[in-house]
Amino acid sequence: MLKTFKKGGIHPPEEKISADQPITCGEIPAQLLIPVDQHIGKPCEIIVEKGSVVKRGDLVAKSTGFISSNVHSPVDGKVEKIVRFPQLGGQIRNCVLVTPENPGISFQEVLNNEPENNIDIDQMTAEDIRKTINEAGIVGMGGAGFPTHVKLSPPPDKKIEALIINGAECEPYITSDHRLMLEKSKEILKGIAILQQLFGGIPIYIGIESNKANAIEVMERECKTYENISVVPLQVKYPQGGEKQLIKAVLNREVPSKGLPMDVGVVVQNVATVLAIHDVFYHKRPLLERVVTISGNLVKHPGNILLPIGTPVSYVINKFEIDTEKVRVMISGGPMMGKTSYSFESPITKTTSALLFFDESRILRRQENPCIRCGSCIEACPMGLAVAQLTEMIKANNIATSIKDSIMDCIECGSCTYVCPADRRLVHWMRFGKLMIKREN
Amino acid sequence: MIEILIPGLILGGFALISSTGLFIAAKKFYVYEDPRIAEVTGLLPGANCGGCGFAGCAAYADYVVANNTLNKPCPVADDETMSQIGALLGLAATSAEKKVASLMCKGTSQNCKLVTEYTGIEDCWAAMLVNDTTKACSFSCLGLSTCVRACAFDAMRIEEGIVVIDDEKCTGCGMCISSCPKNILHMRPKNKIITVTCFNTDRGAESRKACAVACIGCMKCEKACEDDAIHVNNFLAKIDYIKCTLCEKCVEACPTNAIEIRRIMVDAENV
């Protein structure tokens with residue numbers, strides 16, 4: 001019996017159509033639009049101006065606080081201007097427009113030119129590791145974009161007993177983490193070893209869903225050379241990649257309401273984040289690129305591609321020969337929690353795990369109907385919330401103080417909307433309720 | 001006979017004891033409340049809009065009577081009501097300069113094209129969770145009625161994708177201002193009927209591309225104005241209502257019709 005979390009969860013069609021496609025490298029696009037705010041927390045401060053010359057790895061925007069993250073330029077080039085531009089999440093934010101010095105050259109060539117550093121992990125102190133990760137601007141690459149150094153700096157009264165590496169990748173269509181685990185398993189394990197050094201040899205679990213059998217096999221083989229690192233195969237269930245659900249599945253510990261994983265002595269890191277940590281130490285390069293899955297029913301040849309941060313979507317559209325006339329929905333991230341966007345010039349960010357393109361046939365336009373009190377949403381909710389009741393209260397603009405905490409516990413996974421037979425926009429109402437509560441405070 | 005008498009006496013006895021108790025309590029715990037508070041509350045509009053800064057009309061009346069001052073006039077009540085309140089309290093009536101809410105956007109469905117199809121919850125804040133804008137201009141009114149629901153005086157309605165404010169019904173309570181996630185509603189004096197109907201601070205070319213009636217920051221209004229009352233700052237014109245004399249020169253000068261004269265609409269039937 002494979003491990004999983006108990007409460008709720010759904011099993012949408014997996015649609016991992018790009019799982020067999022190796023990670024490819026593109027060329028450097030003609031223009032890069034580097035978003036300044038790619039993380040949760042305080043906005044960055046832009047330190048370049050029109051006309052500045054930047055080198056690969058140079059700082060473009062500086063973090064302004066503890067919960068904030070640096071942004072670097074992934075190419076050599078010149079800053080054209082600073083513009084407000086719609087991001088892949090729909091928000092309009094500042095971007096730095098960079099014209100690369102030599103567009104068109106293969107990105108693989110750039111990567112090959114980078115020297116490999118040999119480092120001695122045992123010599124590094126926890127402070128050094130945290131500082132390096134902070135300066136490299138690494139954020140959670142699973143989708144939320146929470147600065148990694150914050151997660152790695154628990155307050156002294158919270159003892160970290162275990163580290164979980166998130167390779168669940170429970171969202172349909174996305175295969176970028178799957179491919180990373182197959183192709184970069186050695187590097188990922190080296191990155192994990194750095195984190196192990198940081199926390200002083202705690203046990204490390206790599207949670208992988210059982211639909212990625214080859215990844216489990218590869219990772220298990222690599223784990224053998226390390227102590228205290230093990231792979232935990234998990235049952236296929238959405239939203240297993242959610243931090244709280246993964247902890248429940250792997251360690252059977254429940255994160256308390258309003259709590260953080262560190263409250264139960266656990267830190268969770270995504271596979272791609274760990275690889276980025278590896279690159280910082282072994283290649284001395286900050287977070288500059290990420291693997292993006294290009295998929296959806298409009299993509300004839302779905303695949304996984306390594307793209308520099310700031311590559312506009314139009315580059316991907318040309319590369320994968322997508323008919324823009326037919327595109328009706330473009331989603332960044334998975335179809336469950338991803339965000340729609342309307343501009344084909346929007347840049348990819350540190351948190352864009354996938355770009356999905358769908359045509360008219362995949363859109364459901366249904367009207368919101370009255371609740372039939374079937375309780376499906378309550379059964380499906382992985383946080384155990386009474387979604388139907390909560391949304392009724394939010395809708396009536398009558399949020400009782402006692403239920404505010406439950407609303408804030410919602411992880412916005414969308415399971416409730418997925419199962420609702422009355423087509424109610426449950427997760428949207430929950431997000432709206434969260435916003436209303438935040439506005440009150 | 002006795003079957004009726006005994007329960008009657010028992011109940012009567014209870015009634016006597018309870019009423020005595022209530023009478024004593026009423027005397028002992030009596031709190032004096034100025035009767036004028038109730039009278040002032042009765043005179044006030046009674047919409048509990050909060051435009052004065054107090055929790056509601058009763059709270060405002062309490063403040064007025066307790067401090068014996070009318071230095072903070074009710075923004076909603078008309079002059080007559082204020083003078084009645086003034087007469088009641090023996091104070092000189094003051095009245096606030098009448099203000100109305102005004103929308104700094106003319107991005108109707110013809111002027112500003114829709115770029116996304118939003119099918120979620122009918123609320124501007126909910127739409128902002130998904131996308132910062134549904135129209136080509138990122139500053140434009142979303143037209144999803146959040147302010148219409150916030151208005152207690154039925155002064156707002158959605159027409160052609162943007163909100164339209166009825167200046168006659170608007171009492172200037174300011175509830176819509178805080179309800180707008182785009183911050184494109186502002187207050188202006190009711191008699192100063194010239195208003196810039198744009199909030200786009202992008203460069204001229206970009207705003208023009210996004211909307212047909214955008215302020216492009218061309219400075220023509222600034223040059224046309226003889227009273228130094230309109231200034232372009234950050235590619236957006238802004239009127240200084242203290243200096244504005246309603247000469248309408250800026251309206252004529254504006255090449256994109258981004259400055260509007262809000263004439264009071266008169267119903268044809270009532271003329």
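Throughout, protein chains are lettered first and strands after them, A, B, ... in sequence-line order, and every chain is numbered starting at 1.
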So which heavy atom on A:I92 is nearest to which on B:S138, and how close?
-> CD1-CB, 3.0 Å

For B:E117 and A:R328, which heavy atoms make the closest approach, and how far apart are they?
-> OE1-NH2, 3.1 Å

Flag, side chain of A:R425 to backbone of B:T119, donor-acceptor distance under 3.5 Å = yes

More than 12 foreign heavy atoms under 6.0 Å from [atom1] of [X]: is that the case here?
X: A:K404; atom1: NZ; answer: yes
X: B:N234; atom1: CG; answer: yes
X: B:N71; atom1: CG; answer: yes
X: B:K209; atom1: NZ; answer: no

Please name all residues satisfying salt bridge (charged side-chain N to carboxylate O under 4.0 Å, His left out) with A:D423, sequence neighbours left out, ordered by chain then number.
-> A:R366

Are any non-hydrogen side-chain atoms of A:H428 and B:V130 less than 4.5 angstrom apart?
-> yes

Examine whether an atom of B:S178 lies under 4.5 Å from a heavy atom of chain A, and if so say whether it belongs to the side chain, the backbone or both; otherwise answer neither.
-> backbone

Give the intermediate values and the outcome of side-chain contact (heavy atoms from CB on, under 4.5 Å) for residues B:D132 and A:Q87.
-> CA-CA 10 Å; B:D132 266 7; A:Q87 310 281 292; over 6 Å; no

Nearest 0.5 Å please: distance from the CG atom of B:L129 over to the CZ atom of A:F432.
-> 8.0 Å

Chain B contact via A:L435 - side chain, backbone, both or neither, heavy atoms under 4.5 Å = side chain

Pairs in or reaching into residues 334-374 of chain A: which pass ring pair (Phe, Tyr, Trp, His ring centres under 6.0 Å), with residues at least two apart or in two chains?
-> A:Y173-A:F358

